[in-house]
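Below is one structure, written out as structure tokens, with a few remarks after it.
We're numbering straight along the sequence, starting at 1. We count ligands from 1, going down the list as the structure has it; atoms in each ligand are counted the same way.
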Amino acid sequence: MTLALHERATACAKIILLGEHAVVHGQPAIAAGLPDALTLVAAPLPDRTAPVRVAIPAWDLDFTLAEVGTHPVARACGDVLAHCDGPLTGWRIDGATSIVARAGLGSSAAITCALARLVLGTDAPTDAVVDASMVGERVFHGTPSGIDSEVAARGGVIRFVRGEAVQPIALGKPLRLVVVPSGVARSTADQVAKVHRAIERWPVVARNLVETAGRIANAGQQCLERGEHDRFGELADMAHGVLCSLGVSSSTLDELCAVARRHGALGAKMTGAGGGGCIFAVVDGDTTALVDAFAARGLAPMRVEVST
Ligand code: MEV
């Protein structure tokens, strides 16, 4: 067991650009990392026998590993530390973040990757960080596809297919998005279960929808590589429609996408597990009207530039 932690580690947040949910069923998905979205800083506790304490005020998190039986985040963090042979006592870990939690931006993958790096070091092999993150992600989400951990650990823009090597994507030009958190929290596991149910009830129809989402991801990858953001926006609209048909959007997310389109977005879709969480709008040119429209609804839109 390693008794020391490294002083500081970071991980990316993620935006799934295309293919969420379908990726659970073997289809391709495209995701972008938002660098340094979470920074964890470790310091020794005066009492080396006291359980590890983790505090991330922006996510209302403050727990110790003594709570692993009752606190799912404590359990996930404890499992990641144990997997990495890290210390379970004697350390305080403080987190600072630029993203909201439980909003489809990969907060759980970010915390598990950053935690793994506190033990394994910032230059640890990415695969080892991903493996450790997946141990925690299973506590949070049951049977995750792995895309969140891969992009939180690697960053950049990636194509992910379950069971295949991750493929980095080189963008033809930077992609500009406005990400809008709906303010509605949701459970990824519940959302994933909805698609499983849809496939059970409508094997042919729902599987076709899932495969269509995969085809949209393939077409979207080409648009991103060529820098064709207007066409990528059209595909984002289509992908949102497919996710609606699979039952994982919500009236709030649909309305936010409609607002984005009315205010000049090239396209808009929910991102991540849906049901709440975020949408993103694909934008070009002046985004003032679009950003103001969301701010007027009391929301906090984020301008994001994805580049490789
Ligand atoms: C959640 O961020 C992405 C989903 O596709 C679930 C998964 O891939 O495990 C909804």
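By the 3.5 Å distance cut-off applied to N or O atoms, Thr188 is not counted among the residues near ligand 1. Taking distance alone, with nitrogen or oxygen atoms compared against 3.5 Å, His21 approaches ligand 1 more closely than that limit.
Using cut-offs of 30° and 60° for the angle between ring planes, the His71 and Phe63 rings count as tilted.
A cation-pi arrangement, defined by a distance under 6.0 Å to the six-membered ring centre and an angle within 45 degrees of its axis, is absent between Arg197 and Trp202.
Protein heavy atom at the shortest distance from atom 9 (O) of ligand 1 is Ser145 N, 2.8 Å. Summary of contacts: the protein heavy atom closest to atom 3 (C) of ligand 1 is Ile16 CD1, 3.6 Å. Nearest protein heavy-atom neighbour of atom 1 (C) of ligand 1: Asp148 OD2, 3.7 Å.
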Intermediate values then yes/no, side-chain contact (heavy atoms from CB on, under 4.5 Å), Arg117 and His6: CA-CA 8 Å; Arg117 285 195 176 119; His6 291 260; over 6 Å; no
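In this structure, Arg48 and Thr89 approach most closely via the heavy-atom pair O-OG1, 3.1 Å.
Between Leu175 and Leu17, the closest side-chain pair of non-hydrogen atoms falls below 4.5 Å.
For the pair Lys14 and ligand 1, a heavy-atom separation below 4.0 Å is found.
No part of Thr143 comes within 4.0 Å of ligand 1, judged by heavy-atom distances.
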